[in-house]
Structure formats: structure tokens, C-alpha cells
Amino acid sequence: MRIAGISGSIRDDSYNSMLLKHIKEHYSNYFDLEIIKIDKLPLFNQAEELDPPEVVKTFKNQIAEYDGVLISTPEYNWSVPGVLKNSLDWLSRGERPMIGKPVMVVGASISLMGTIRAQMDLRRILSAPGISANVLPPAQSEVLITQAHEKFDENGKLTDKATLEVVERAVKNFNEMLKVGQRV
Ligand SMILES: Cc1cc2nc3c(=O)[nH]c(=O)nc-3n(C[C@H](O)[C@H](O)[C@H](O)COP(=O)(O)O)c2cc1C
């Protein structure tokens with residue numbers, strides 16, 4: 001199975017991108033996680049939604065081909081970063097590849113709140129009619145990495161034992177969800 005990994009942070013040293021990389025490297029027995037960049041998407045423009053720029057068309061076509069999407073989001077001002085919301089707005093109009101798509105939400109922040117507010121907002125956004133993703137419930141997938149600077153080492157490796165276990169449980173549950181989706 002092929003899964004698209006989207007990081008809500010576009011900076012080079014992003015903990016959320018490191019988390020996606022960790023999952024890609026450690027769980028290739030479950031799925032191929034391919035990181036899809038959203039930094040080149042233009043700002044959403046409703047006037048272009050039915051005939052978007054090529055880079056947007058490519059992005060939407062890519063997402064349509066994946067068996068699922070894994071989103072790792074930071075928290076910016078108590079919500080999701082604009083760059084992530086922008087990508088979801090493009091996905092929600094015209095061709096709508098997220099409808100029914102299995103999605104897992106995770107996140108990392110340097111604060112003590114671990115993206116809880118961003119993830120709650122993200123789950124709400126993913127439920128909007130134009131997106132309507134099939135999101136793994138929090139009870140099965142809650143990965144809220146607090147104080148991320150203490151959980152990853154200087155090489156960007158996730159080293160915190162408790163966090164490793166939480167991530168493993170969530171990824172296993174996501175894999176189960178994907179398998180059920182395949183059988184339907
Ligand atoms: C514009 C901005 C707003 C932020 N707002 C919050 C916030 O509301 N809550 C929080 O926990 N962290 C907040 N942070 C800190 C981020 O969680 C932290 O920078 C995190 O490492 C970003 O994710 P990344 O490492 O994947 O880039 C904010 C950071 C920025 C740049």
C-alpha cells in the first residue's frame with residue numbers, strides 16, 4: 001500500500017517532518033510512505049478551483065492515487081498552519097480526492113500541549129463536506145508529541161521510548177484500518 005505523508009511544516013528542521021521520516025523508515029513492512037511537499041502550492045483561489053494551476057493538479061492527482069494520507073501537523077496560534085489549510089482547501093474543491101480517504105493525524109510541537117488544539121481543528125476540517133476523509137479516531141491514533149526538542153536527538157531521530165511506543169500503536173491501528181478498507 002502507498003500512503004502520502006504531508007507535513008504541516010515546510011521548514012527544513014521540522015519535527016513533524018522528522019516524525020513522518022521515522023514512520024517511513026520503521027514501518028515499510030506496513031506501507032510505503034511517500035512524503036508529499038505542499039510548499040509550492042499557490043494560495044487557494046476559488047476562481048481557479050475548477051481549472052487549478054498545474055502544480056495543484058499534480059498534487060490532487062497524486063493524492064487521488066494513494067491508499068491513505070498521514071498528516072503530521074504543528075500547532076500555529078492554536079490551530080493548523082496556513083500552509084496545511086491551504087493544501088486542504090485545494091483538495092476540497094473541484095476534484096475532491098479526500099472523500100472517503102483513510103487518514104491518520106499526528107503532530108509534534110515544542111510546547112507542553114503537543115498540538116492538541118491543532119489536531120482538534122484538523123479533525124474538524126477533515127470532516128467538512130468537500131473533504132469528508134475517513135479519519136482514524138483519536139482513541140486509536142493519538143500521537144501528541146510534546147516538547148519535541150527533547151524527544152528527537154540532534155540527528156533528527158525519534159529517541160524517546162514512551163513516544164516510540166505511542167507512535168507504534170497508532171501506526172499499527174492505521175495499518176489495520178487500511179487493511180479493512182482494502183477488503184471492502
Ligand atoms: C507562527 C507560530 C505559531 C506557533 N503557535 C503555537 C501554538 O499555538 N501552540 C504550540 O504548541 N506551539 C506553537 N508554536 C511552536 C511550534 O509548535 C513549534 O515551532 C514546532 O516545532 C513547529 O513544528 P515543526 O518543528 O514541525 O516546524 C508556534 C510556532 C510558530 C512559528
Side-chain angles (χ1 to χ4, degrees), residues 3-28 30-44 55 59 62-63 66 68-91 98 101-128 131 133 135-171 173-174:
I3 303 299
I6 297 178
S7 173
S9 170
I10 60 174
R11 73 185 182 106
D12 284 346
D13 296 328
S14 158
Y15 293 113
N16 286 281
S17 300
M18 290 175 198
L19 177 56
L20 289 181
K21 202 158 165 247
H22 169 81
I23 295 172
K24 177 182 173 69
E25 288 173 358
H26 289 80
Y27 299 101
S28 56
Y30 290 159
F31 45 71
D32 289 328
L33 182 65
E34 295 169 27
I35 315 288
I36 303 293
K37 301 271 225 165
I38 55 173
D39 56 332
K40 300 288 187 295
L41 296 176
L43 290 177
F44 176 78
V55 63
F59 171 63
Q62 276 179 315
I63 293 296
Y66 285 99
V69 179
L70 171 54
I71 303 175
S72 187
T73 186
E75 183 166 299
Y76 281 3
N77 300 309
W78 290 22
S79 190
V80 296
V83 69
L84 177 59
K85 177 68 161 53
N86 184 56
S87 71
L88 293 169
D89 287 342
W90 279 119
L91 292 171
M98 291 295 282
K101 184 82 71 184
V103 173
M104 181 163 90
V105 170
V106 296
S109 102
I110 56 172
S111 80
L112 286 169
M113 300 303 286
T115 70
I116 182 75
R117 292 166 293 215
Q119 288 198 38
M120 287 175 75
D121 276 8
L122 180 54
R123 288 177 183 280
R124 204 163 51 90
I125 294 163
L126 291 167
S127 305
I131 303 183
V135 186
L136 191 61
Q140 294 173 49
S141 64
E142 210 148 58
V143 176
L144 301 154
I145 301 185
T146 58
Q147 299 183 298
H149 50 294
E150 296 178 359
K151 311 284 167 63
F152 292 85
D153 70 13
E154 61 281 4
N155 300 314
K157 300 279 175 213
L158 182 59
T159 50
D160 182 71
K161 190 166 173 289
T163 308
L164 287 167
E165 286 168 8
V166 166
V167 170
E168 172 137 332
R169 195 175 69 93
V171 173
N173 287 336
F174 189 41

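Atoms within each ligand, like the ligands themselves, are counted from 1 in listed order.
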Item to check | Atom-level proximity to ligand 1, residues with heavy atom under 4.0 Å | outcome: Ser9, Arg11, Ser14, Tyr15, Asn16, Pro74, Glu75, Tyr76, Asn77, Trp78, Ser109, Ile110, Ser111, Arg117

Item to check | Glu75 side, atom CD; Ser9 side, atom OG - distance, nearest 0.5 Å | outcome: 13.5 Å

Next on the checklist: If you define the side chain from C-beta out and look only at heavy atoms, does anything of Val55 sit under 4.5 Å from Pro42?
Outcome noted: yes

Item to check | Salt bridge flag under 4.0 Å for residues Glu165 and Arg169 | outcome: no

Next on the checklist: Regarding Ser7 and Lys37, do their side chains bring together a donor and an acceptor under 3.5 Å, going by distance alone?
Outcome noted: no

Next on the checklist: Distance alone, cut at 3.5 Å: any donor-acceptor contact between the side chains of Ser79 and Asp121?
Outcome noted: yes

Next on the checklist: How about NZ on Lys151, more than 12 heavy atoms from neighbouring residues, nucleotides or ligands closer than 6.0 Å, or not?
Outcome noted: yes

